[in-house]
Amino acid sequence: MMQRKHSEHTLHSHETTKDARCGSVHAPADACCASATKAGKAASIASQPAPPEGASRARYRIDKMDCPTEERLIRKRLEAIPGIIRLDFNLLERELTVHHRLSDPRPVAAALEALDMAPSLLEAGIAAVTIAPALSARLKGLLTVSGITAVSAEALAWISGQETSWPVIALAAVSILSAGIPTLKKGWIALKNLTLNIYFLMSLAVAGAVIIGKWPEAAMVVFLFAIAEAIEALSLERARNAIKSLTALAPETAEVQGADGWREQAVATVAIGSRIRVRTGARVPLDARVESGRAALNQAPITGESLPVDKKIGDALFAGTIVTDGVLEATVTATADHSTLARIAAAIQEAQSQRAPTQRFVDQFAHYYTPVVVALAVLVALLGPLLFAGTWGAWLYQALVLLVIACPCALVVSTPVTVVSALAAAARHGILIKGGVYLEGGRRLKAVGLDKTGTLTHGKPVLTDAVSLSDMPLDRAFLIAASLDEHSSHPVAQALVDGWRSRQPDAALMPVEDFSILNGRGVAGRIHDQNDQNGQLWHLGNHRLIEELGVCSPALEAQLAILENAGKTAIVLFAANGPVAMFAVADTVRPESLAAVAALKAMHVEPVMLTGDNPATARAIADQLGIQDARGNLMPQDKQAAIAALRDRYHAVGMVGDGVNDAPALARADIGFAMGAAGTATALETADVAIMDDDPRKIADFIGLSRRAGMVLKQNIALALGIKIIFLALALSGHATLWMAVFADMGASLLVVFNGLRLLRHFPAQPASSNHA
C-alpha cells in the first residue's frame, strides 16, 4: 500500500513534511495497541493462540493420519504426556506440530509409533517429502479382490440360502483379509486406547456379524467401508492438490549473473542482492526489484489479477509470476524461504491448522453423540430379547447396525474439507484468509470501515485542473510552476511536475535561484528570462499563503472554494503583480470502487469511510461512490474509536486498511482486511484477511464466499444428521441391514466431502478484475 495521504492541514501545505499520523512517533504505539486490542476480539471470531512462550516445537509427518478420527486418537494419547503444551494438526498435509517443554521429544515419537501412525520428524525449514498418491496400484488390486469375493459371497449365500457354508465363509474371509486389515488394526489400537472411533465400531460390527454367522454381510461391510475410505482419500487429495498448486509456483532454479557470466543456480542458494534475469515465458524465481528492461507480467498466481501488469525499472517482482512479454534483469530482495510466495504458503499452512467454530461444535457434538448411540446399541442387544419378541441373535444384529450408525465420520469430516476448499478458492482469487475462524466470521459482517486513500482511491495525487488567471499563456505558467515544484519532494508538488511532463514532454525546466520552502504554505524562487536579467520572484502556494501575501480577492476566493469543495487541493502561482494561474491536484477514485461499494450495499453491508483527510475531501469522494457515512480528520486512535462505535451498533464489523497506519482499527474490528498485501510483509502478517492486489471488490467477494461456505457447512451438518436419524429409526424398527448402514454412513461422508469440494469452483476461472469489467 502507498503511504497514506496527509491530513487537511498538511495537504494544504506545500512542503516536505512528515504526517504526524503516519510518522515513526506513532508506529510503536499503534503496534502495541494492535496487540492489545487483538486480544480483546469477540470470542466468536477468536484467532489462533500464539506459540507458547518458552516452549520447544517439533514437527512430524504422520503418513497414516488423514482423517479427524486419527487426530482425536493422537490428541487423546499425546495430551496425557506431561510437558505437552499444544498440538496443531494439518490433516491435508498429514503434519503434526507439537509445542512442548520436554527435555527430549522422543516420548512423543514413541507414543505415535505405539499408535501405528508411522511418524517422521521434519527438520525446521525443510519441506516434507511429497505425500504418496491416495490410491496406489496395490490398493486398487486389493479393493478389486475384496469387491469380487464379497459380491460372490453374497450371491452364493442368496442362491444356496446358506450363509455359513464353507465356500461362502472362504469367499467372505478373502474379502475381509484383502481390504479389512488396516481397519481391523486401527480398531485394535483404538480398543487398547479406550477410544470409541469409527475403526473400533466398524471392527466390532464386522466381528459381531461373523460371530452370529453373517459372513457375507461382514465382507460387504468391509468392502464398502474400504471403497468409501478410498474415495474420501481421493477427495481430500484433490483439496490438498488445490492448496499445493498455489504454493508450488516458483521454479527451482534461477538465471544468476556471476563473475563468469550468467549461469543456472538453485533458488535456495541465491543470496539477497544477486542479479537475476527472467526471459519471456519464464516464471520469476525470487522476489526482486527491476534493474533493467521492461516487460509485462502475469501476476494472477499472487494477486488474482487477470490482465498482465507492465513492469519497469524500480518495480517489484514477485516469485511465481510469469513474464508474458519482454526480458528483465532484477536484484533479489528476499531469499526463497522469505518471498511473498513463501509467506503465502506459510499463512495457508497456519490457516489449515486452525479449527473453525463449526468444527469445534461438531467435535463437541461427536464427543457426546457416539457414546450415547453405543450405549443405546448395548441396551438394544441386552434388553431387546427380554422386553420384545425376537431372538438374541436378531437383536444383536440390530445392535451391530446401531454401532455402524454411531460413527460420526460424515459429521466430523464435513467441516475441514469445506473450510480448506474455501481457503484454496480464495487464495487462487487473490484473497488470503488466515483460517476458518475468519472464513466463518465474514458472513456475519454488517458494516465495513473503508480507509479512503489507497483503498477506494489510488493513493497518489494527480493533477486535475490548470486554470489561467492572467494574460500569460497557460503553458508558460505551467512551466514556471513545474520549475519551482521540481525542487520539492512533497506529493502535491510531484503531482504537478508529473502533470506538466505529460503535457509538455519535450520542454525543459527553467533554472531557479533563491529557492525556499515556505513551511505549511508553499514554495518560492527567482526565475530568469530573456527580458529580465535580475529575475522575477515567484510564489507557488496554498490558500493560506495567498491570504498572508494579500493577493486574495473575492473572485479568486470563489474559484478556490469550487475546487476545495470538490475535494481537491488548490495551489496558485503568482508574482508581485498578482496571481497568474491556479492548479489543483486530487487523489482519484479507483475505477473498481463504485462497483465495490454497490456490491457491499447489495449484500446489506453498510460501507463507512474512515479517513485522515479533511471532511470536504472525504465527502466529495463519498458522494462519487454513494457512501452515506463518511468521516474525516481521523487519527489512528479516532478510527479505532469509530470501529468500536460501529461494533456497538452493528455487532460484527470489518475494517479495510493498510495493515500499518490503521493497525489499531484493524485490530479492533472483528475482521481486519489489508489491501495490496502482495507488496508488504507486514500486511500479510497482521491482517486477518489479506487482499493481494488493490481491488476493493474482493471485500464483497470474500463476504460472498463466507456466506456460501456457511451455507455449505449447514447443508453438510443437516445431511449427516438427517441420514443418521433416518437409519437410526430404521435400525430400531428392524428394517436396516449392516451393509445398508455402512453404505448410508459412508455415502453421507462422500456427499458432504463432494459438497464441500464445490467451493473450489466458487470463483469463475477468470479472476474478478476482469469479471467485473
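Scope of the values below: all heavy atoms of this structure, side chains included, with no hydrogens, waters or symmetry mates. This is a predicted model, so every value here is computed, not measured.
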Exercise for review: Start with the C-alpha distance between M740 and F727, add both sets of side-chain angles, then the distance that settles side chain to side chain contact (heavy atoms under 4.5 Å, CB included), and finish with yes or no.
Suggested key: CA-CA 9 Å; M740 286 170 59; F727 273 84; 4.2 Å; yes
Check your understanding: What's the spacing between H99 NE2 and T97 OG1 if we round to 0.5 Å?
Key -> 6.0 Å
Practice item. Taking all heavy atoms of P357 and all of V437, pick out the closest pair and write down the distance. Key: CD-CA, 3.7 Å
Exercise for review: Quick one: pull up CD1 in I703 and CG in L445 and give me the separation to the nearest 0.5 Å.
Suggested key: 5.0 Å
Revision key, fill the gap. The reported gap from CZ in R59 to CD in E95 (rounded to nearest 0.5 angstrom) is 4.5 Å
Practice item. State, yes or no, whether a side-chain contact exists between V168 and T164 at a heavy-atom distance under 4.5 Å. Key: no
Exercise for review: Find the distance between OG (S203) and CG (L184) and round it off to the nearest 0.5 Å.
Suggested key: 4.5 Å
Exercise for review: Report yes if the side chains of I84 and L102 come closer than 4.5 Å at any heavy-atom pair, otherwise no.
Suggested key: yes
Check your understanding: Would you say the side-chain atoms of T195 pair up with the backbone N or O of N193, donor to acceptor, closer than 3.5 Å?
Key -> yes
Review point. Between I81 and E79, does a side chain to side chain contact (heavy atoms under 4.5 Å, CB included) hold up when you go through it step by step?
Key: CA-CA 5 Å; I81 299 176; E79 286 180 344; over 6 Å; no
Review point. Is there side-chain contact between L705 and L439, with at least one heavy-atom pair below 4.5 Å?
Key: yes
Exercise for review: Check A218 against V210 and note the closest heavy-atom contact, atom names and distance.
Suggested key: CB-CG2, 3.9 Å
Practice item. Would you check, one step at a time, whether the test salt bridge (charged side-chain N to carboxylate O under 4.0 Å, His left out) holds for D670 with R647? Key: CA-CA 8 Å; D670 294 288; R647 287 189 69 190; 3.1 Å; yes
Review point. Between Y438 and G672, is there a donor-acceptor pair closer than 3.5 Å when you use the side chain of the first and the backbone of the second?
Key: no
Review point. Nearest heavy-atom pair of I433 and A426: which atoms, and what distance?
Key: CD1-CB, 3.6 Å
Review point. Checking K186 against F200: charged group under 6.0 Å from the ring centre and within 45 degrees of the axis?
Key: no
Practice item. Please report the C-alpha distance between M202 and V221 in whole Å, then the side-chain angles of each, then the deciding distance to 0.1 Å, and finally whether the side chain to side chain contact (heavy atoms under 4.5 Å, CB included) criterion is met. Key: CA-CA 8 Å; M202 205 60 66; V221 164; 3.7 Å; yes
**Study point:** Where L760 and A424 come nearest, the two heavy atoms and their spacing
**Key:** CD2-CB, 3.8 Å
Review point. Got a sec, which residues hit ring-ring contact (aromatic ring centres under 6.0 Å, His included) with F365, two or more places apart in sequence or on another chain?
Key: Y369
Donor-acceptor contacts, no H, no angles, side chain residues 104-120, under 3.5 Å, sequence neighbours left out:
unit_1	atom_1	unit_2	atom_2	d
D104	OD1	R106	N	3.1
D104	OD1	R106	NE	3.4
D104	OD2	R106	NE	2.5
D104	OD2	R106	NH2	2.7
D116	OD1	K64	NZ	3.3
D116	OD2	K64	NZ	3.1
S120	OG	R61	O	3.4

Check your understanding: Are E70 and F89 side-chain neighbours, meaning at least one heavy-atom pair lies under 4.5 Å?
Key -> no
Point to revise | No-hydrogen, no-angle side-chain donor-acceptor test under 3.5 Å, S146 and S175 | key: yes
Review point. Is the side chain of H429 donor-acceptor paired with the backbone N or O of I431 at a distance under 3.5 Å, no angle test?
Key: no
**Study point:** Sub-4.5 Å side-chain heavy-atom contact between R428 and F763
**Key:** no
Revision key, fill the gap. Across all chains, not counting sequence neighbours, the ring-ring contact (aromatic ring centres under 6.0 Å, His included) partners of F702 are F673
Practice item. Count the heavy atoms belonging to other residues, nucleotides or ligands that lie under 6.0 Å from CH2 of W188, then report whether that count exceeds 12. Key: no
Check your understanding: Any side-chain donor paired with an acceptor under 3.5 Å for T418 and N716?
Key -> yes
**Study point:** Heavy-atom closest pair, residues P216 and A157
**Key:** CG-CB, 3.7 Å
Exercise for review: Report yes if the side chains of L78 and L96 come closer than 4.5 Å at any heavy-atom pair, otherwise no.
Suggested key: yes
Review point. Does K76 NZ have over 12 foreign heavy atoms under 6.0 Å away?
Key: yes
Revision key, fill the gap. CH2 of W215 to CD of E163, rounded to nearest 0.5 Å, is 12.0 Å
Point to revise | Side chain to side chain, T737 and V401, heavy atoms closer than 4.5 Å | key: no
**Study point:** Worked check of side chain to side chain contact (heavy atoms under 4.5 Å, CB included) between L376 and V372
**Key:** CA-CA 6 Å; L376 181 61; V372 167; 5.7 Å; no
Review point. Hey, does the side chain of H735 reach the backbone of S733 with a donor-acceptor pair shorter than 3.5 angstrom?
Key: yes
Practice item. Identify the heavy atoms of A209 and L738 that sit nearest to each other, and give their distance. Key: CB-CD1, 3.6 Å
Practice item. With rounding to the nearest 0.5 Å, note down the distance linking CG in L382 to CH2 in W395. Key: 12.0 Å
Check your understanding: Under 4.0 Å between a Lys/Arg side-chain N and an Asp/Glu carboxylate O for R443 and E440?
Key -> yes
Review point. Checking S178 side chain against V145 main chain: does a donor-acceptor pair fall under 3.5 Å?
Key: no
Point to revise | Side chain proximity check, K446 to H604, heavy atoms < 4.5 angstrom | key: no
